[in-house]
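Quick note: numbers below take in every heavy atom, side chains included, and nothing from hydrogens, waters or symmetry partners. Quick note on labels: first sequence line is chain A, next is B, and so on, each numbered from 1.
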Amino acid sequence: MLLSRLAEVSREVAATAARSRKTALLADLFRETAPDDVPVVIPYLAGRLPQGRLGVGWKVLSRPVPPAAAAALTVREVDARLTELGKVAGPGSQAERTRLVGALMGAATAAEQRFLLGLITGEVRQGALDAVAVEGLAQATGAEAAGVRRAVMLAGSLQTVAEALLADGPPALARFRLTVGRPVLPMLAHTASSVAEAVGKLGTCAVEEKLDGIRVQVHRDGDAVRVYTRTLDDITDRLPEVTAAARELPGDRFILDGEVISFDAAGRPRSFQETAGRVGSRTDVAKAAREVPVSPVFFDVLSAGDHDLLDLPFADRHTELARLVPEPMRVRRALVSGPGDTAAAEEFLAATLRRGHEGVVVKALDAPYSAGRRGASWLKVKPVHTLDLVVLAAEWGHGRRTGRLSNLHLGARTRDGGFAMLGKTFKGMTDAMLEWQTARLKELEVSDDGGVVTVRPSLVVEIAYDGLQRSSRYPAGVTLRFARVVRYREDKRPEEADTVETLLAAHPEVRR
DNA sequence: TTCCGACAGTGGGGTCGCAAT
DNA sequence: ATTGCGACCCCACTATCGGAA
């Protein structure tokens, strides 16, 4: 199949609003795909490369290359070239990657270049990724969409399921079962604004502490232990403590779900930055493990012995978890009987925060494990802080925000009457707010370099954030975590904005 | 008819590893 | 030794479609 066909379908999908029509377009393409092309066409139309990331980003891709006049590239040739590109390493590799990208782009028409650019950067912007591709695949093969979705969750990969389905039809789905050693997409949580709201929605539930670390899925089959991240990367070699802990548990075949986190000598959780740095260390794991040891803390079990537990209610899975994992290696929890018992949940949240943790996750006791889904049966609750800050600048947006000022630079007052930038945010704005702030900020413009519009510091905006973290980038030595806009405060003047001092005083645990 | 679940898009900061300077 | 880039951890929020209620 020619790459130009894919580029054309992708463009059509992007130009279509209705999801049903997007699905139909993908299904049509999948039907006409030859078996040999399937391993490439399916991921491409789901907006991903089968190779994963290539080590090529905007820096290399932003160099313009004259397009080819006629479409001649086949998808398999492109795939072969990108596989080569991904293998390049060592001294001189940047120049070599640039050369290979240039050669590929030079063989592509303008339309194909646009498609390739989106694929390689991971931003196809066609309004259809895995979920729509799954629907399209189901439609093309006559399989049940729910069955395809489940197979993809269990395989951890759309591509594997697509190949099997297009080769053998719907019966192939039965081959995809939960298997120890093969990672499953983890269940995710929604956000609730309060414990009362969460308990109100779920009724009888468990309230569990939410640790601010790295999500892990731990598989053990006899002596073989593997550890996977949320995106199913294998990080076993970086976490010897987790392997050792898993081997000491009484069962010898299981899949556990939990969090890895580092505690200091006093038993307090270290900051996310410290835990994440440790988990990211690969070159000298032994040294990293001595300096920042981590502990696994589990909250769910997906499989035990030869039993697939995914469809069991959470209450039953937890009974199994308690059999397998001793209490210190499990997340703390409280059982709550329903909305009448909210006070107990509130107290548990307060105690969890006193222990230095992030918040809680409220979980329905009757819900199955919805692999790969952000199910409504897990609701996280974290405290939210707010500040009144001043807009120092704004950046021109991309995609659907093109032509609008989007990303705000936020400043707090300093003692000398100036402002110190604390970070940026693009979150929380409605389309109407984007429209309004673009016009308002243009009135305050001091300069525009094409990317950043600097303004007179006079507009006050209320910002919500999850906490403070250390920063080497910003002048106050700290930055806001997950900053988002709540509303503009036109009733406030910049002299009334919050100061760096009050911010630091509100977060004494963050030392600069 | 209205409501709500699921998705995609729009990017944020930090840290590590690697290659280039 | 330092700098820049890319990958991958953490993530919030809004708009939209289409099925559920």
Spacing between [X] atom [atom1] and [N] atom [atom2], to the nearest angstrom:
X: R400(A); N: dC17(C); atom1: CZ; atom2: P; answer: 11 Å
X: Y228(A); N: dC8(C); atom1: OH; atom2: C1'; answer: 18 Å
X: R470(A); N: dT15(B); atom1: CZ; atom2: P; answer: 7 Å
X: Q437(A); N: dT14(C); atom1: CD; atom2: P; answer: 13 Å
X: R53(A); N: dG6(C); atom1: CZ; atom2: P; answer: 11 Å
X: M429(A); N: dA15(C); atom1: CE; atom2: P; answer: 12 Å
X: M153(A); N: dC7(B); atom1: CE; atom2: C1'; answer: 12 Å
X: L211(A); N: dC10(C); atom1: CG; atom2: P; answer: 13 Å

With a 4.0 Å cutoff (strictly under), does any side-chain N or O of [X] reach OP1 or OP2 of [N]?
X: K201(A); N: dC4(B); value: no
X: H398(A); N: dG9(B); value: no
X: R473(A); N: dG14(B); value: yes
X: T191(A); N: dC13(C); value: no
X: S20(A); N: dG18(C); value: yes
X: R484(A); N: dC13(C); value: yes
X: K22(A); N: dC7(B); value: no
X: S472(A); N: dG14(B); value: no
X: T275(A); N: dC9(C); value: no
X: T430(A); N: dT14(C); value: no
X: T425(A); N: dG12(B); value: no
X: R125(A); N: dT10(B); value: yes
X: K59(A); N: dC5(C); value: yes
X: Q469(A); N: dG14(B); value: no

Return the 5'-most residue of the pair R19(A), K427(A) with respect to DNA chain C, ranking by each residue's nearest nucleotide. K427(A)
Hey, which of these two, Q94(A) or V56(A), hits DNA chain C nearer its 5' end, going by closest nucleotide?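 By nearest-heavy-atom nucleotide position, the 5'-most residue is Q94(A).
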Please classify the nucleic acid contact of [X] as base, sugar-phosphate, or nothing, using heavy-atom distances under 4.0 Å.
X: Q126(A); answer: sugar-phosphate
X: G213(A); answer: sugar-phosphate
X: V485(A); answer: nothing
X: D212(A); answer: nothing
X: V279(A); answer: nothing
X: K424(A); answer: sugar-phosphate
X: L54(A); answer: sugar-phosphate
X: A18(A); answer: sugar-phosphate
X: A17(A); answer: sugar-phosphate
X: A464(A); answer: nothing

Show your reasoning for whether side-chain contact (heavy atoms from CB on, under 4.5 Å) applies to V500(A) and L504(A). CA-CA 6 Å; V500(A) 174; L504(A) 292 174; 3.9 Å; yes
With nearest nucleotide decided by heavy atoms, which residue, R401(A) or R97(A), maps closer to the 5′ end of DNA chain B?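 With R401(A) and R97(A) compared, the 5'-side residue is R401(A).
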Reading DNA chain B from 5' onward, which residue's closest nucleotide shows up sooner: F272(A) or P91(A)?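 Comparing both residues, the 5'-ward one is F272(A).
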Among the candidates [options], find the nucleotide nearest to the side-chain atoms of [X].
X: F426(A); options: dA8(B), dC11(C), dG11(B); value: dG11(B)
X: S471(A); options: dA12(C), dC18(B), dG13(B); value: dG13(B)
X: I214(A); options: dG12(B), dC10(C), dC16(B); value: dC10(C)
X: K380(A); options: dC11(C), dC7(B), dC9(C); value: dC11(C)
X: N407(A); options: dG13(B), dG12(B), dA19(B); value: dG12(B)

Salt-bridge present (E135(A), K22(A); N to O < 4.0 Å): no
Verify the distance criterion only: is there a donor paired with an acceptor across the side chains of T23(A) and S20(A) at less than 3.5 Å? no
Does one side chain, of S271(A) or E274(A), offer a donor that lies under 3.5 Å from an acceptor on the other?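 Their side chains do contain a donor-acceptor pair, which is all the 3.5 Å distance test asks for.
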Just so I know, are the side chains of L408(A) and Q437(A) near enough to count as touching, which here means a heavy-atom distance under 4.5 Å?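 Heavy-atom side-chain distance check passes, below 4.5 Å.
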Compare all side-chain heavy atoms of S447(A) with those of V453(A) and state whether any distance is below 4.5 angstrom. no
Evaluate the ring planes of W436(A) and Y488(A), with Trp represented by its six-membered ring, and classify them as parallel (under 30°), tilted (30 to 60°) or perpendicular (over 60°).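 Rings of W436(A) and Y488(A): tilted, as their planes differ by 30° to 60°.
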Which base, if any, makes a Watson-Crick or G-U wobble pair with dC8(C), both distances under 3.5 Å? dG14(B)
Under the side-chain hydrogen bond (donor to acceptor under 3.5 Å, both in side chains) rule, what do D79(A) and Q51(A) come out as? Steps first, then yes or no, please. CA-CA 9 Å; D79(A) 181 57; Q51(A) 293 88 353; 2.8 Å; yes
Step through it carefully: locate the ring centre of H409(A), locate the ring centre of Y474(A), and say whether they are under 6.0 Å apart. no
